[in-house]
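This report concerns only the one structure given below.
Predicted model only: the values in this text are computed from it and were never measured. Sequence positions, counted from 1, serve as the residue numbers for this chain.
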Amino acid sequence: MKLLASLQYRARQWREDRRFHAALTHLAGPAHFELADDEVCGFVLVHDGAYHLPYLFEWHRARGVDKWIVIDNASNDATREIVAAQPNTILARCDLPYQQYERRLRYLSLKRFARGGWRLILDADELFDYPQSDRLSLSDVVRRANAQGHSAVVAQMLDMFPKGPLAELGDMDFRAAAGRSTHYDLQNIDRYDYAGPKPDIEYWLSHNSVSDPGVQILFGGVRRTVFGETCCLSKHPLVRDVPGARLGWHPHLSPGLRVADYSAVLRHYKFTGDFIGREREVVERLGATNDGPRLRVARYLQEDRLALCQPSSRRLDSVDDLYANGFLYASEPARAFFGLAPGAVLDGAA
C-alpha cells in the first residue's frame, strides 16, 4: 500500500509539474540568465504589485541588483507593464491557482530562468538591507560569502509603521510611505536556535547547516501584539545556486544550504498604501487558508484609525541599531567586514 501511495503521489506531482510548465509563459526580457559567482539576480513572485514594484526595483538596483526575474500570478493592475519596461528583467506569467502551485511558482521558475550566482527572493513589499548598504554592493557581500563557503543569508523581517495611524499612509506612493514608516517594535518576539526545534519549519531547516550558532529563528513581533498572528520573521532571501539546493522550496526557506555568520534585515512595509484593500482581496482569493489577512481585516474594521506604535516602539535611524539592540546578529568577523562596533548587546535588547 505504501508503494502504491508513493507511485500515485509521484504521478500526481509529475502531472502538476507538466501543467505548470505549460502554463508558464515568457512575456518579456531575456530568455535566461547565466550568472557569475558574485552576481545577484532579484526574484519576485507577485500578484497586483504595481504599487510596490517601482520603488522595489529602485532600492535594490541601487545596491547592485541589475538582473531580475518576475513571475506574475494573475495580476489585474499594471504589474506586467511596469515590469516589461525594466531593463535586464525577465517577465513571465502563470495564472494557475496560487494555493496549489505556490512552490512551483518559485522553485521551478527559479530553475528555468537562471543558473549560477545568487538569488534575492523577495515579496514586493520587502526591502533587503544590511550595514553600509550605501557603500557595499550585494556583489561585495556575496563575494565574502563565497570565500567563507556560505550559500545563504538569514534575514529577519522588521515590520515598519508610522508613528501615527496607518491611514495616514493611504494616499502616498510606496517610496513616500516607506519614508514615513520610521518605527518598529521588538516586543513579543520568540527566539529559537537555528539548529534546534522550532514550530512548523524544523523540517526545512534540518536540511541546512549554520556557520555560527548566534544566528537565530524569530517568531512574533508587532503583528502578534496587535493582530494575534503567529508569524515567522526569519527568511532565506539571499541564496546561492549550489548543487543540492532547492531555492524557493518554502515561502520563507530554501533547503540544502550553509547559512552565513550574520543576519540581515528585510524592511517589511505591509501597511503602506491601500493595505486593507489588498488584505480583503487576499481573504477573498485565498479564503481561510491564510489567517494573517483575516485577522488584520477584522481588527481594522474595529478601529479604522488603527496605529501600531506602542510605548515600546522605536525609530529606526540605522541598520546598525538592529545589531546593537540584538534584533540582528553578526559574528566578530562579520562585524569587522560590515564596519559594526564589536559585540556586546545593549541593555534592554529584545
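Counting only heavy atoms from C-beta outward, the side chains of Asn73 and Val46 never approach each other to under 4.5 Å. Looking only at side-chain heavy atoms (C-beta outward), Thr25 and Cys94 stay at 4.5 Å or farther from each other. Residues Glu332 and Pro342 are in side-chain contact: their nearest non-hydrogen atoms beyond the backbone lie under 4.5 Å apart. With a 4.5 Å cut-off on side-chain heavy atoms, Pro251 and Glu102 count as touching. Here the side chains of Thr182 and Leu316 are not in contact, with every heavy-atom distance at 4.5 Å or above. With contacts defined as side-chain heavy-atom distances shorter than 4.5 Å, the pair Ile201/Ile217 qualifies. You'll find the side chain of Leu110 reaches within 4.5 Å of the side chain of Ile121, heavy atoms only. Residues Leu127 and Leu266 have side chains not in contact (no heavy-atom distance under 4.5 Å, counting atoms from C-beta outward).
A donor-acceptor pair under 3.5 Å is absent between the side-chain atoms of Asp159 and the main chain of Arg223, judged by distance alone. A distance-only check finds no donor-acceptor pair linking the side chain of Ser209 to the backbone of Arg258 [under 3.5 Å]. Counting only distance, with no hydrogens or angles, the side chain of Asp320 and the backbone of Leu340 share no donor-acceptor pair below 3.5 Å. The backbone N or O of Ala177 sits less than 3.5 Å from a side-chain atom of Ser181, completing a donor-acceptor pair. Without hydrogens or angle criteria, Ser109 side chain to Arg106 main chain gives no donor-acceptor distance under 3.5 Å. When atom types are taken as modelled, the side chain of His150 and the backbone of Asn146 share no donor-acceptor pair closer than 3.5 angstrom. When atom types are taken as modelled, the side chain of Asn325 and the backbone of Phe327 share a donor-acceptor pair closer than 3.5 angstrom. Although no hydrogens or angles enter the test, the distance criterion places no donor-acceptor pair under 3.5 Å between the side chain of Ser313 and the main chain of His183. Proximity of a side-chain donor or acceptor of Ser139 to a complementary backbone N or O of Ser137 within less than 3.5 Å is not detected. Judged by distance alone, the side chain of His236 and the main-chain N or O of Val153 form no donor-acceptor pair under 3.5 Å.
Following chains of ILVMFWY side-chain contacts shorter than 4.5 Å, one cannot reach Leu169 starting from Leu308, and the two form parts of different hydrophobic clusters. The same ILVMFWY cluster, assembled from side-chain heavy atoms under 4.5 Å apart, contains both Leu108 and Val242.
By the ring pair (Phe, Tyr, Trp, His ring centres under 6.0 Å) test, Tyr55 pairs with Phe174, sequence neighbours left out. By the side chain to side chain contact (heavy atoms under 4.5 Å, CB included) test, Ala62 pairs with no residue at all, sequence neighbours left out. Residues meeting the side chain to side chain contact (heavy atoms under 4.5 Å, CB included) test with Asp317, sequence neighbours left out: Arg315, Asp321. When the ring pair (Phe, Tyr, Trp, His ring centres under 6.0 Å) test is applied to Phe219, the partners found at least two apart in sequence or on another chain are Tyr192. Looking at residues two or more places apart in sequence or on another chain, you find a side chain to side chain contact (heavy atoms under 4.5 Å, CB included) between Pro54 and Ile82.
Between Tyr262 and Phe338, the angle of the ring planes goes over 60°, which puts this pair in the perpendicular group of the 30/60° scheme. Under the 30°/60° scheme for interplanar angles, the aromatic rings of Phe271 and Phe275 are found to stand perpendicular.
A salt bridge links Arg93 to Asp95: one of the charged nitrogens lies within less than 4.0 Å of a carboxylate oxygen. A salt bridge is absent between Arg224 and Glu229: the closest approach of a Lys/Arg side-chain nitrogen to an acidic carboxylate oxygen does not fall below 4.0 angstrom. Salt bridge Arg267/Glu126: absent, no basic N to carboxylate O contact under 4.0 Å. Between Asp37 and Arg240 there is a salt bridge, since a side-chain N of the basic residue sits under 4.0 Å from a carboxylate O of the acidic one. No salt bridge links Asp48 with Arg278; every basic N to acidic carboxylate O contact stays at or beyond 4.0 Å.
Between Ile69 atom CD1 and Thr89 atom OG1 the span is 9.5 Å, to the nearest 0.5 Å. To the nearest 0.5 angstrom, Met157 atom CE is 6.5 Å from Cys232 atom SG. Between Ser206 atom OG and Tyr194 atom OH the span is 9.5 Å, to the nearest 0.5 Å. How far SG of Cys41 is from CG of Leu138: 12.0 Å, rounded to the nearest 0.5 Å. A distance of 10.5 Å separates NZ in Lys67 from CZ in Arg119, rounded to the nearest 0.5 Å.
The closest side-chain donor-acceptor pair between Gln216 and Gln156, if any, does not fall under 3.5 angstrom. Between the side chains of Arg61 and Gln86, at least one donor N or O lies within less than 3.5 Å of an accepting N or O. A donor-acceptor pair shorter than 3.5 Å cannot be found between the side chains of Asp212 and Ser331. A donor atom on one side chain and an acceptor atom on the other are not found under 3.5 Å apart for Trp118 and Asp38.
When each of Lys235, His52, His60 is tested with Leu122 by the rule side chain to side chain contact (heavy atoms under 4.5 Å, CB included), just one qualifies, namely His60.
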Open item on the list: Working note: Val265 + Tyr130, criterion side chain to side chain contact (heavy atoms under 4.5 Å, CB included); need CA distance, chi angles, decisive distance, verdict.
Closed with: CA-CA 6 Å; Val265 66; Tyr130 50 93; over 6 Å; no
Open item on the list: Run the side chain to side chain contact (heavy atoms under 4.5 Å, CB included) test on Tyr51 and Thr272 for me, step by step, so that the C-alpha distance in whole Å, both residues' side-chain angles and the decisive distance to 0.1 Å come before the verdict.
Closed with: CA-CA 9 Å; Tyr51 174 79; Thr272 53; 3.6 Å; yes
- [ ] Take Leu322 and Leu158 through the side chain to side chain contact (heavy atoms under 4.5 Å, CB included) test and state the conclusion after the steps.
- [x] CA-CA 10 Å; Leu322 303 175; Leu158 188 68; 3.8 Å; yes
TODO: Show your working on salt bridge (charged side-chain N to carboxylate O under 4.0 Å, His left out) between Asp185 and Arg314 and close with a plain yes or no.
DONE: CA-CA 6 Å; Asp185 198 284; Arg314 315 175 188 197; over 6 Å; no
Open item on the list: Could you walk me through whether Phe43 and Leu120 satisfy the side chain to side chain contact (heavy atoms under 4.5 Å, CB included) test, starting with their C-alpha distance in whole Å, then the side-chain angles of each, then the deciding distance to 0.1 Å, before giving a yes or no?
Closed with: CA-CA 6 Å; Phe43 177 88; Leu120 182 62; over 6 Å; no
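For the pair Arg144 and Phe337, the cation-pi test (distance below 6.0 Å, angle within 45°) is passed. A cation-pi contact, defined as under 6.0 Å to the ring centre and within 45° of the axis, links Arg63 to Trp59. Both tests hold for Arg103 against Trp249: distance to the six-membered ring centre under 6.0 Å, angle to the ring axis within 45°.
Residues Pro333 and Asp261 approach most closely at CB-OD2, 4.4 Å, considering heavy atoms. Between Ala50 and Ala78, the shortest heavy-atom distance links the atoms CB-N, 3.9 Å.
Summarising the local packing, CZ of Arg143 is surrounded by more than 12 heavy atoms from other residues, nucleotides or ligands at distances under 6.0 Å.
Screening residues 74-89 for salt bridge (charged side-chain N to carboxylate O under 4.0 Å, His left out), with sequence neighbours left out, gives Asp72-Arg80.
Proximity of the aromatic rings of Trp68 and Phe57 is defined here by a centroid distance below 6.0 angstrom, and this criterion is met.
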